[in-house]
Each structure stands twice: as C-alpha cells, then as structure tokens.
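Reminder, nothing fancy here: chain letters follow the sequence lines and each chain counts from 1. Keep in mind that what you see is a predicted model, and the values were worked out from it rather than measured.
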Number of protein chains: 2
Amino acid sequence: MASTKIDHDTGTLGKAVAVLEAIAVSDTPMRFRDLTNCIDQPRGTLHRQVSNLLEEGLLEINADQSYSLGFRFLKFAARAWSSNGFREIAEPHLKALHELTGETIHLGILKGAEVIYLDKVESRQAVRMHSQVGNSSPCYCTGVGKAGLSALPNAEIIARLSDVNFNQFTSTTLTSPQAVLSEIDEIRASGNAYDREEHEPGIHCIAAPVFTEDRSVVGGLSVTAPCYRVPVEKLEAWAADVRNAAKAIMEELPIKMGPRA
Amino acid sequence: MASTKIDHDTGTLGKAVAVLEAIAVSDTPMRFRDLTNCIDQPRGTLHRQVSNLLEEGLLEINADQSYSLGFRFLKFAARAWSSNGFREIAEPHLKALHELTGETIHLGILKGAEVIYLDKVESRQAVRMHSQVGNSSPCYCTGVGKAGLSALPNAEIIARLSDVNFNQFTSTTLTSPQAVLSEIDEIRASGNAYDREEHEPGIHCIAAPVFTEDRSVVGGLSVTAPCYRVPVEKLEAWAADVRNAAKAIMEELPIKMGPRA
DNA sequence: AATGATGTTCCATTATTTGGAACATAGTTG
DNA sequence: CAACTATGTTCCAAATAATGGAACATCATT
C-alpha cells in the first residue's frame, strides 16, 4: 500500500501513469471510489483521466466495476518481452540451471541502484512472467544486485549507492556503502555474490554477475532457496554452476546490447 | 510498417501512446530521427513527449541512441499478463491441446467485432508471447472470432457486425453479416467453427467458443495449421478435442471474470 | 574550416486539463 | 416508501500545460 509519491513534472502523462501504477500495484480490485482515495485528484478530473486510459485500451473495466490493466498492454508486453535480447539469450541458461538445482532462478539487471527482474524460472510454475518479473529491489540486499555492482568500478558503485536510503530489512542487511564495498572485493575474487537472508528472513541465494564488455548492461543471475530446505553448503556447491551459466550468457552477448540484439 | 492512424481524442495521452506504439511495433531500432518520420509532429514537440516518457520510465534510450520500452513498462506488462485470469486459466489447456495436435494453438477474446489474441502456444518456439499476442484480427474471418460470435444472441451479432467493413482477404472470406450468421447456426449445432483459408491463403483452423455464463467475456481457442501439411480431415478429427479443451476452461472460469480471478 | 544532419532548448501562442458544482444512479435505512 | 447517503458521470469558466517554429548545440563528413 505504500505509494511512492515522487513528483515527476511530466504533466498530464505523469498523472496518467500514476493511475496505472495505482491499479497495477494494488492487490485488491480497484473501483473508481478506491482510486479517488489513493490518487488525490477531484472526482471529475480523475474520471476523465480514467476514461482516456480506457479509450486507449490501457485500462479495462470489469463486470464488477473494478479496473485492470488493459489488453493494449498485452501487445506491448509481448513485444517488450520477446524483443529483450538479454532476456532471450539468457533464457535457456536459466532453464538449464533450474534443471540442475531444482530451485528458483532469477535474472535481473541494474538500473541505478535498483535491480529490475527480467525473468524467473520457478518449479511448479507453469506460468512464466510471474509477478516478480518487472519488479525491482534494492541492489544492496540482493544477490543479483551485489553481483551486478561487482562488475562496476568502485567509484561508480559509490556514486550509485550515495543517494540510497539503506533499509535494514533483516539483521544481516548491509546498511552502508562501505559495508557493500567491502563485500564487493570478495565477490570479485570468487565470482559469486550471496544474499544471506539480507532481504527476506529465511531466504538466501547465490548469484553471479552478467554484463556486457562496455558495462552498458550490468546484472546477474541467481539461485534462490529457502534456508530451511537448502543449507548454505548446498548453495556453495552450486557456485561454479552459477558462474558457468553467467559466463555462457556473456559469451553469447553482443558487445553492445541494442534494443533487439 | 502499416500504422493504424485512428484519432482517439484522448489529447496528450493519445499522442504519448502513439509514440510508445511506434517504438513497440517497429522491427528496427528507432532513433529520434526515425520517430520524427513516422509520428508527424514538430521536432520540438516530439522531443518533449519523448523526454517525458523517458522520465516516467516508460521509454529507455540505448547506447546507440535508439529507444526501447522502459522497465516501468515491463512492470506493467508483466502485471497485465499474469493478472489476466482468463489467459491464466486457459494456459494449461492450450498446452495440452498443443501436445495432442503438435500445431499452433491460439486463445482470443472478442472486443466488439475484433478478436484480440491473448495467448499462443507454438511448436519450435522456445519463447512464448509471440508477436501475434496482443494483436487483433476481424472476427468474421477467423475461427476464434466466429466461435466467439456463436456464443452471442443473433441480435448482438448483427449489432457488432453492422459497422464492420468486410474485407475480402481470400476467395473464401465471408463478406456480409448474413453470410456469417448463416454459418453461426452450424457452429452452434456442432460446437466448432472453422476458418477455411478465410483470412490467409494456405492457413486454416478449427476453433471452439469459450465464454462466461453472463457472456461478459466471449472468445475462443483454435488449432491453426497450414493446409499443405494438415488436411481438413485432420482438423475435423480434432474437433472433439478442441471442444473439450474449451469446455474444461469454461468449467474453471468464475461466472464473473474479475480482474485477478 | 565549412557543410549538412541530427538532437536540444526556448517562449509567446494556443489548446487542453482542471476542479468545483450540479446532475444521475444505485443502495440503504428510518 | 421516502429521505438519505455513497458512488459514478457530466459540464464549463478559469488555470495550466502543450504546441510549434525558430534559434541554438552537437556531431560526423568532406
């Protein structure tokens, strides 16, 4: 329910996107009334904005008068998804790693100090593109994030972490740029980053960095598992496999990752 | 390359979406220059629109100065995809039907007189979510479309077809509401609709309707195949399987399809 | 150094968005 | 059933944001 109230001065567009965001993020069906509560605009105004979004096919109204993201997004989704060269190249390697480990595999890239998840391979999941995909997490408390950072020069890491509000999610969360930096050396030496229950209690992971030669795309992949079922030793046993998967992906990457490489 | 120039009078929003659409649809990387060619707005104006989209995270600019859909878009797209209850319920059944037939399976819903494709299961396709997904076709010349129509009362069918511009894609394309209606009876009787090379020469399909009890969501699924490889007799042999898949999906559908059923 | 192509900024004019209030439509309760 | 309340929809003068043309900047090429 925590809404990020940043004032992009993108005028009309920003407000339209805020509506979409509110509907996308909500776990419960949003009717018009619910929107008026969380959007803070006069009813008349909001109504027209929603109408426009409906007309453009970006929103849809359901039988129960709740809104959901429109079919127009499906089209865009299909395009964005299938034309993301990075994701596409990585996919078979993610699947292979999943076969090997039986655990959840994540692929993510760094945007500033955030990790954006591009793909996920999960066990019992017939459906691809799970909720996590497209979402973001801070880089300082995730395996993929720290792995990605390790591919950047220290100065760049400091720059990216300087404006970050460190949130102590668990007792092991790193809470300062210095703490992150000191781990980065180990990651560079070993080629693997760990998330030791730093984001969610009971969940840990092992990751490895994936990046283009020119560092225009920097990210990583990870094997994530619940601690109760998978001990650290088992994660460590997968270290080389994770690195190899990352290496295999990088060998297929073009130097410059264009939009549809 | 054919762009649909419909003038939704959604003001600013419509123009922004037009830019997104141009970038999403293009098969080649779009730089700023390319946008000015296909958008028909003064450079200054277009530049600001793009800037706003960039700031909102809906667009991204690549190292080679080309644009692609931004991570914010991935988020929305992923939500729209995974929260589409209809698609989600249908997916395993589509896969099963694909296993059985070895041919391409489509899932689509009717919006007015258009079929919007929600999902597709294809053979050699490691990647799901192909280009076709999210696109639309006329209902009068597709199996899914005619199947969907058959679930509606005749009056509704006539209403939906009344404003349609019938386009004779092939020699077998139905080109009038009457022609469609007269086929509808057969479809209702048999439970299957055929596309007999009515949209594309050399391609035919067999479909069955899928719909909610209250007809708030009406669509269908189909097995599509090239004529040279799959004769009509083979399609007919799958008739019961297609109907059964449709039936199985409908049994899982809630009466009212909420946004995240 | 000059040229042309592409990308960016600026600002008076123009057109769109805004917000409040009035209207409409359920749904609820005394 | 009538009065009431919550919700959804429409309207229009006032406020605001988008427009477009031209000037400026940047870059590659000759």
Side-chain angles (χ1 to χ4, degrees), chain A residues 3 5-23 26 28-70 214 216 255-256 258-259, chain B residues 5-23 26 28-70 214 216 255-259:
Chain A
S3 65
K5 297 258 179 184
I6 303 167
D7 189 29
H8 298 279
D9 65 343
T10 51
T12 310
L13 182 66
K15 289 154 199 167
V17 176
V19 173
L20 291 175
E21 183 86 41
I23 288 164
S26 165
T28 57
M30 296 284 272
R31 290 190 319 283
F32 185 79
R33 179 62 171 85
D34 305 312
L35 284 175
T36 61
N37 281 338
C38 73
I39 293 275
D40 189 41
Q41 299 236 20
R43 289 213 303 281
T45 301
L46 186 60
H47 189 268
R48 184 179 30 73
Q49 289 168 342
V50 169
S51 300
N52 286 342
L53 289 167
L54 282 173
E55 187 169 352
E56 287 294 339
L58 298 176
L59 280 185
E60 252 166 61
I61 187 156
N62 305 113
D64 65 343
Q65 288 195 292
S66 68
Y67 295 97
S68 31
L69 296 179
D214 66 354
S216 65
I255 294 97
K256 261 185 161 183
Chain B
K5 298 258 182 185
I6 303 165
D7 189 27
H8 296 281
D9 64 344
T10 52
T12 310
L13 182 66
K15 289 156 197 164
V17 176
V19 173
L20 291 174
E21 181 90 38
I23 288 165
S26 165
T28 56
M30 296 285 271
R31 290 189 318 281
F32 184 78
R33 177 64 171 81
D34 304 312
L35 284 176
T36 61
N37 282 338
C38 72
I39 293 276
D40 188 40
Q41 299 238 21
R43 289 213 304 281
T45 301
L46 186 59
H47 188 268
R48 184 179 31 73
Q49 289 168 343
V50 169
S51 300
N52 287 341
L53 288 168
L54 282 172
E55 187 168 352
E56 287 294 339
L58 297 177
L59 279 185
E60 252 167 62
I61 188 156
N62 305 111
D64 64 344
Q65 288 194 292
S66 68
Y67 294 97
S68 31
L69 298 180
D214 66 352
S216 65
I255 294 98
K256 265 184 160 184
M257 281 285 303

Could I get the full list of side-chain contact (heavy atoms from CB on, under 4.5 Å) partners for [X], not counting sequence neighbours?
| X | value |
| --- | --- |
| A:Ser51 | A:His47 |
| A:Glu60 | A:Ser68, A:Phe71, B:Lys111 |
| B:Leu54 | B:Val50, B:Leu59, B:Ile61, B:Tyr67 |

Taking A:Thr36 for the side chain and A:Arg33 for the main chain, is one N or O donor matched with an acceptor at less than 3.5 Å?
yes
Establish whether the base of C:dG7 is bridged to the side chain of B:Arg43 by a donor-acceptor pair shorter than 3.5 Å.
yes
Extract, from 5' to 3' on DNA chain D, the first and final nucleotides lying under 4.0 angstrom from some heavy atom of chain A.
D:dT7 to D:dA18
Helix axis bend for the helix from C:dA1-D:dT30 to C:dG30-D:dC1 - C1'-based end axes, five pairs, 10° rounding
30°
How do B:Pro42 and A:Thr36 order along DNA chain D: which one's closest nucleotide is nearer the 5' end?
A:Thr36
First encountered from the 5' end of DNA chain D, between B:Gly44 and A:Phe32
A:Phe32
Let me know the distance between [atom1] of [X] and [atom2] of [N], rounded to the nearest Å.
| X | N | atom1 | atom2 | value |
| --- | --- | --- | --- | --- |
| B:Arg33 | C:dT6 | CZ | P | 4 Å |
| B:Gln65 | C:dG7 | CD | C1' | 8 Å |
| B:Asn37 | C:dA5 | CG | P | 13 Å |
| B:Arg31 | C:dG7 | CZ | C1' | 11 Å |

How close do A:Asp34 and A:Arg31 get, heavy atom to heavy atom, and via which atoms?
OD2-N, 2.7 Å
If you take all heavy atoms of B:Ala18 and B:Ile39, which pair is closest and at what distance?
O-CD1, 3.8 Å
CA sep, side-chain torsions, deciding dist, call: A:Ile23, A:Leu35, side-chain contact (heavy atoms from CB on, under 4.5 Å):
CA-CA 8 Å; A:Ile23 288 164; A:Leu35 284 175; 3.8 Å; yes
Report the distance from atom NZ of A:Lys15 to atom CD of B:Glu56, rounding to the nearest 0.5 Å.
11.0 Å
Got A:Ser66 and A:Met30 here, is their nearest side-chain heavy-atom distance under 4.5 Å?
no
B:Thr12 side chain near A:Leu13 side chain, heavy-atom distance below 4.5 Å
no
Would you please test B:Glu55 and A:Thr10 for side-chain hydrogen bond (donor to acceptor under 3.5 Å, both in side chains) and show each step?
CA-CA 8 Å; B:Glu55 187 168 352; A:Thr10 51; 5.8 Å; no
Nucleotides 13-17 of chain C: which of its N/O atoms have a protein N/O under 3.5 Å away?
{"residue": "C:dT17", "atom": "OP1", "partner": "B:Thr12", "partner atom": "N", "Å": "3.2"}
{"residue": "C:dT17", "atom": "OP1", "partner": "B:Thr12", "partner atom": "OG1", "Å": "3.4"}

